[in-house]
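Encoded as structure tokens, the structure appears first; notes follow it.
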Amino acid sequence: MEHAPTWLTYGFLYLTAAVLAVPIAKALGLGAIIGYLAAGIAIGPWGLGLVSNVQDILHFAEFGVVLMLFLVGLELQPSRLWALRRPIFGTGTAQVLGCAAVLFALGALAGLPWRVSLVGALGLALSSTAIALQSLSERNLMRTQSGQAGFSILLFQDVAAIPILALLPVLGAAAGDGAGHTPGELALEVLKIVGVIAAIILGGRLLLRPVLRWIAKSNTPEIFTAAALLLVVGIAYLMVIVGLSMALGAFLAGVLLADSEYRRELEADIEPFKGLLLGLFFIAVGMSIDFGVILRSPGLMAAILVGFLAAKAIVIYTLAKLVNIPYQERPVFTLLLAQGGEFAFVVFQAAAGASVFPAETASLLIGAVALSMLISPLLLVVLDRALLRRYAHVKAPTAEEISEPQEAPIIIAGFGRYGQIVSRVLLAQGFRTTVLDHSVEMLEVARTFGYRVFYGDATRLDLLRIAGAEHARILVIAVDDAEQSLKIAKLAREHFPQLQIVARARDVTHWNKLRDVGVTLVQRELFESSLQSAHTVLELMGLQPTEATAIAQRFRAHNIALADRMYPHHKDRAKFIAVAREGRNQFAEQMARERQESAALDAAGGAYPGYEAEKAGEGGDAIASAQDETKNRT
């Protein structure tokens, strides 16, 4: 009888374990991650012993984390990533250095050598990107303040892993058990790192889109899928060659493609592989838990586990308060970052290889990290069922979820300062509306004043369907966040083409992007109020009200027309600026000529009979013209 190939045997074992364990864990309310970890323990060396080469599987399964970071990068346009630079390098630095300092102090107090304390503290300060992002996504917290802060910290940790790993050979050499790098070798390593990152950025800007366009023209879906996987595998390979994080490289590639026309197709192609490999990663973590070390030193293992979790939790919760994360979100934020992370496995194994500390110490630390990744999802379940429910009962307002289809002809997404005015005007005229907002605090304010607002994220297609988007006539996009606004507009244009979309734009850039996705009824949120302020200032400077009105309305009409002229060039910065300057200069010259003519007429004796009436009539013509422009384009 022939034996089955190894890959077939292991594939059968992984899939069987996952298919059995995950549904059971979900049915018990424990979550998919716990199911995967339990499956790994069951088939691993300390369970049924069906799998032995755990480390090789763990390395392969890390590719699931790489794919996850690539997809996260696809959701982050470069402009948005630049906007996150402060939380990434500010909050991220505070978390890593704060946790490392406290853990180092605890190690020193316990009498450990300073090298062991330092490396242990740096490794334990890192958190699990896979578990944290998965848990945030499951709870729909990625767009919350805690989700953004957590993501920023996790991204910084990926970057911080690079100097931590570079430090290990130096510490090993200082201990007398290895050879350190010469200054020339260190400089060469730095150049290699900078070169690879520059190649990824330049390649993403110059080569990736033309290559993907060429592949897409072949009209062979499986080849496009293969190209998407090749892209991620190739970048991961480049990063490994220079000793960088595979996940960081994949994230950079995702960010560079976030603005491309192939973003959605790449997401659809990569998503199934990400889910399967991420599950395999969690199974491998479960298999990697060395229960032998735990059984030999249970007291020491418990002390390390409880000690580092408690120390990190104190630092992270304090940080959450300092950055003003809402109190309801702090427990989950703290727990997700307090656990150990995947990079700790790499750090501690590399430290043992560099003779920074003995292999037994590395096994203890790796075991503590693996156990923290095992119990964190369990503690999250406790938070969901007990602590967070108590918070919601005591202080947090309840949210009226949309559970039945709505039939109002108008849907308003966002009930902030902008959406409230729109809603109040419509309600005063007797029009029925369905109002959505994802801020619990805003719902509490709305309920206080007697408004009915549904809790929900309008960027979700299923929620828009329940809100009645298939039958509604008008969608008002009044959300404050420009990225959310664009996502809602794209969903509505793609799935509900009958909807007339009236959108709020934060500025001209946002206005142009809304026009790009086919939205024509767009209002810049500060435009009208700014004109009103200008009108008031003109009156205070001595102009007659009719003259101030005429000037303001003529500027309004001019600016609307100029925006239309500039729109075709908004992706060509030089041309865009040139058109803007030309329009501004033309308007300034026109107004200067009119002032001169008016002064000359005044000097000639007050113009002619009916001059002031004509001036007012000119203002009226400008108002009518502006209204016509608004009706067509807004």
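On a predicted model such as this, the values are computed, not experimentally measured, just so you know.
- Considering CG of L106 and CZ of F308, their distance stands at 12.0 Å, rounded to 0.5 Å.
- Between the side chain of Q95 and the backbone N or O of A125, at least one donor-acceptor pair lies under 3.5 Å.
- I316 is listed as a side-chain neighbour of C99, based on a closest heavy-atom distance under 4.5 Å.
- Atoms CG and OG, from L335 and S376 in turn, are 5.0 Å apart once rounded to the nearest 0.5 Å.
- Between the side chain of T459 and the backbone N or O of Q484 there is no donor-acceptor pair closer than 3.5 Å.
- Residues L365 and V119 have side chains not in contact (no heavy-atom distance under 4.5 Å, counting atoms from C-beta outward).
- Contact between S127 and L337 at its shortest, heavy atoms only, is OG-O, 2.6 Å.
- Here the CD1 atom belonging to I41 is positioned 15.5 Å from the OH atom belonging to Y36, to the nearest 0.5 angstrom.
- The backbone N or O of L124 sits less than 3.5 Å from a side-chain atom of K312, completing a donor-acceptor pair.
- With S117 contributing its side chain and W114 its backbone, the two residues share no donor-acceptor pair below 3.5 Å.
- Within the 4.5 Å cutoff, side-chain heavy atoms of I43 are placed close to those of I283.
- A 4.5 Å side-chain heavy-atom check between F151 and L136 finds every atom pair outside the cut-off.
- Smallest separation of non-hydrogen atoms from S372 and G340: OG-N, 2.9 Å.
- Considering CZ of F333 and CD1 of I153, their distance stands at 4.0 Å, rounded to 0.5 Å.
- Side-chain contact between L300 and L364 is present, with heavy atoms from C-beta onward closer than 4.5 Å.
- Among all heavy-atom pairs drawn from A132 and Q339, the shortest one is N-NE2, 4.3 Å.
- Note that the CD1 atom of I88 and the CD atom of Q148 stand 9.5 Å from one another [nearest 0.5 Å].
- The two residues A311 and L103 come nearest to each other via the heavy atoms CB-CD2, 3.9 Å.
- By the 4.5 Å heavy-atom criterion applied to side chains, L319 and I325 are not counted as neighbours.
- Scanning all heavy atoms of the two residues, the minimum distance from P23 to A18 falls at CD-O, 3.6 Å.
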